[in-house]
Structures are given as C-alpha cells and as structure tokens.
Amino acid sequence: MKILLLAAVTLDGKIARSAHHFVDWSSKEDKRLFMQTSKRAGVVILGNNTFKTFPSPLPGRLHVVLTHRPEVQESTPGQVEYTNAPPHDIVAGLEARGYTEAVLTGGAQVNALFLGAGLVDEVWLTVEPL
C-alpha cells in the first residue's frame with residue numbers, strides 16, 4: 001500500500017498556528033491538490049485534533065482518525081473510523097479492505113508515527129508564504 005504524506009507548510013516550517021487551527025491559510029492550488037489526491041486514494045489518515053478542524057467529513061473518503069480513546073468517539077463505518085491501533089495494523093486493515101493508497105494528513109504526531117514506522121512512501125509539501 002502506498003502512503004503519501006501531504007502537507008502545506010509555511011516558509012518558517014509551520015503547519016498551523018495551533019493544534020486546533022483549520023488549514024484556511026493555504027492557496028487554492030494546495031486545496032485543489034489535496035482534494036484531488038485524497039479523493040483518488042479514497043482514504044485519509046489523520047489525528048483527532050486535525051479531524052476536529054474539518055467542518056465535516058470530506059465526501060467520498062474514509063477518514064481513519066487516530067485517537068488515544070477511540071471508545072468515546074462515534075464511528076461511522078465507511079466514512080469516519082476512530083482507532084488507536086499502531087500504524088502497521090492500520091495499513092494492514094486498509095489493505096485487507098482493498099485500499100491501495102492513503103493520504104496521511106497530520107498532525108505532526110500522526111505523521112511522525114507513520115514516518116517512524118517506515119510506512120511513508122512519498123512526502124508532498126506545498127510551501128506557502130509566512
């Protein structure tokens with residue numbers, strides 16, 4: 001399975017002002033790239049704080065949301081699934097369901113987990129102004 005880490009960063013290396021900052025500062029080109037790439041993959045992997053910045057789940061994509069306490073969240077199978085499984089188990093579960101690609105979209109802790117596990121195949125960064 002191909003895992004693509006996709007992120008927008010500022011020239012000074014920031015991905016957001018805080019853990020709860022919605023990515024409304026990036027360019028329309030970056031947003032278009034994210035939407036096209038994540039829709040093609042059909043699945044996005046992200047942390048709970050990052051997911052909370054979304055106004056609603058993105059249509060046509062499974063959201064695998066990492067959280068320390070998945071039991072207190074309400075999953076919607078096929079749309080939003082909460083987990084505290086390790087990265088290798090998440091990838092194996094997605095592969096078992098026929099997924100061949102996933103977009104890893106943060107935050108920093110989730111990205112680090114997958115990078116540390118050696119599961120990221122490509123990193124695409126959009127560099128935006130300060």
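Atoms considered below: every heavy atom in the structure, side chains included; atoms not considered: hydrogens, waters and symmetry mates.
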Please name all residues satisfying salt bridge (charged side-chain N to carboxylate O under 4.0 Å, His left out) with K2, sequence neighbours left out, ordered by chain then number. E122
For E71, salt bridge (charged side-chain N to carboxylate O under 4.0 Å, His left out) partners two or more places apart: R69
Checking E74 now: which residues fulfil side-chain contact (heavy atoms from CB on, under 4.5 Å) with it, not counting sequence neighbours? none
Taking side-chain contact (heavy atoms from CB on, under 4.5 Å) as the test, write out the residues that go with L125, two or more places apart. A7, V9, V123
List the atom pairs, with distances to 0.1 Å, where a side-chain N or O of residues 113-121 and a protein N or O form a donor-acceptor pair under 3.5 Å, not counting sequence neighbours.
from	atom 1	to	atom 2	distance (Å)
D121	OD2	I3	N	2.7

Residue pairs fulfilling side-chain hydrogen bond (donor to acceptor under 3.5 Å, both in side chains) with at least one residue in residues 80-89, sequence neighbours excluded: E81-R97
Kindly state each residue pair satisfying side-chain hydrogen bond (donor to acceptor under 3.5 Å, both in side chains) with at least one member in residues 55-64, sequence neighbours excluded. S38-R61
Taking it one step at a time, do L66 and L46 satisfy side-chain contact (heavy atoms from CB on, under 4.5 Å)? CA-CA 6 Å; L66 279 75; L46 64 166; over 6 Å; no
Working to the nearest 0.5 Å, report the span between [atom1] of [X] and [atom2] of [Y].
X	Y	atom1	atom2	value
I45	L5	CD1	CG	10.0 Å
W124	T37	CH2	OG1	4.5 Å
R32	K28	CZ	NZ	6.5 Å

Would V65 and Q73 count as a side-chain contact (heavy atoms from CB on, under 4.5 Å) if you check the C-alpha gap in whole Å, the side-chain angles of each, and the deciding distance to 0.1 Å? CA-CA 10 Å; V65 182; Q73 307 291 338; over 6 Å; no
Could you list the donor-acceptor pairs under 3.5 angstrom formed by side chains in residues 100-110, with sequence neighbours left out?
from	atom 1	to	atom 2	distance (Å)
E101	OE1	R40	NE	3.3
E101	OE2	R40	NH2	2.8

Flag side-chain contact, heavy atom, 4.5 Å: L58 against F34: yes
